[in-house]
Each structure stands twice: as structure tokens, then as C-alpha cells.
Amino acid sequence: MASLAVAPEASTQTTTPDLNAPRTNNRTRIRQGVASGQLTRPETARLRARQADIPQDKKATHAGGVITRNERQDIGKDEHQASRAICAQKHDDKYRPRTLR
């Protein structure tokens, strides 16, 4: 019985990884917080403004052509801080008052 040895291909990354996935997740979490009433209007405005700043940072770093590892880490750090802010605001026991229809 002959065994076939398959050599793993060297995976070299030639493109910048998708940096929009965390932003999309955060936008969804903000929408869910609004729908459930966990986020007040001022909280929502602050979180959305913070999310709007991140693409501008990405655009500025990408202007040079390729985003370096350190730039990706900085963007990831910004995304993580925004995610933590969303969590903190959603669980701070402030709720938007329900309106009667």
C-alpha cells in the first residue's frame, strides 16, 4: 500500500486581509441595540460617530498602497475599542423608553 505525501503549499499573503468585517459586525450590533432599546439616542450617535472615524483611518493608511502589519494592528485596535464601547453601552442599564403605537 503506497502512501501519498502531500506537501502543504506555502501560503503567502499577497493581498491585504478584509478589514471591513469587524466594522460590519459592529454596525449590526449597534442596529440590534437600537431595535432592542438597549441604546439611547445619544449613545447611538456617539457609537456611530466612532464607527465613521475608522474608515477614514483605513483610507489614510491605505493611501500608500499596502497596509503594513503595524497599520493593520492599529486599525484592529481601533475596531476592538469600538466593539468594547458598544458592549459597555448596551449593558449599562440605560434603555430607550418604549413608545406606544
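Note that the numbering runs from 1 along the sequence shown for the chain. Everything quoted here is computed from the prediction, not taken from an experiment.
- Taking CD1 of Ile86 as the start and CD of Gln38 as the end, the distance is 12.0 Å to the nearest 0.5 Å.
- Atom OG in Ser83 sits 10.0 Å away from atom CZ in Arg50 (nearest 0.5 Å).
- Proximity of a side-chain donor or acceptor of Gln81 to a complementary backbone N or O of Asp78 within less than 3.5 Å is not detected.
- Atoms NZ and CG, from Lys90 and Asp92 in turn, are 11.5 Å apart once rounded to the nearest 0.5 Å.
- Here Thr24 contributes atom OG1 and Arg29 contributes atom CZ; the two are 13.0 Å apart, rounded to the nearest 0.5 Å.
- The two residues Ser36 and Gly33 have their closest heavy-atom pair at OG-O, 3.3 Å.
- Between Ile30 atom CD1 and Gln51 atom CD the span is 5.0 Å, to the nearest 0.5 Å.
- Between Arg72 and Ile75, every side-chain heavy-atom pair lies at or beyond the 4.5 Å cut-off.
- Taking CD of Gln73 as the reference point, atom CD of Glu71 lies at 10.5 Å (rounded to 0.5 Å).
- With contacts defined as side-chain heavy-atom distances shorter than 4.5 Å, the pair Arg48/Val34 qualifies.
- Glu43 places a side-chain N or O within 3.5 Å of a backbone atom of Thr40 that can act as its donor or acceptor partner.
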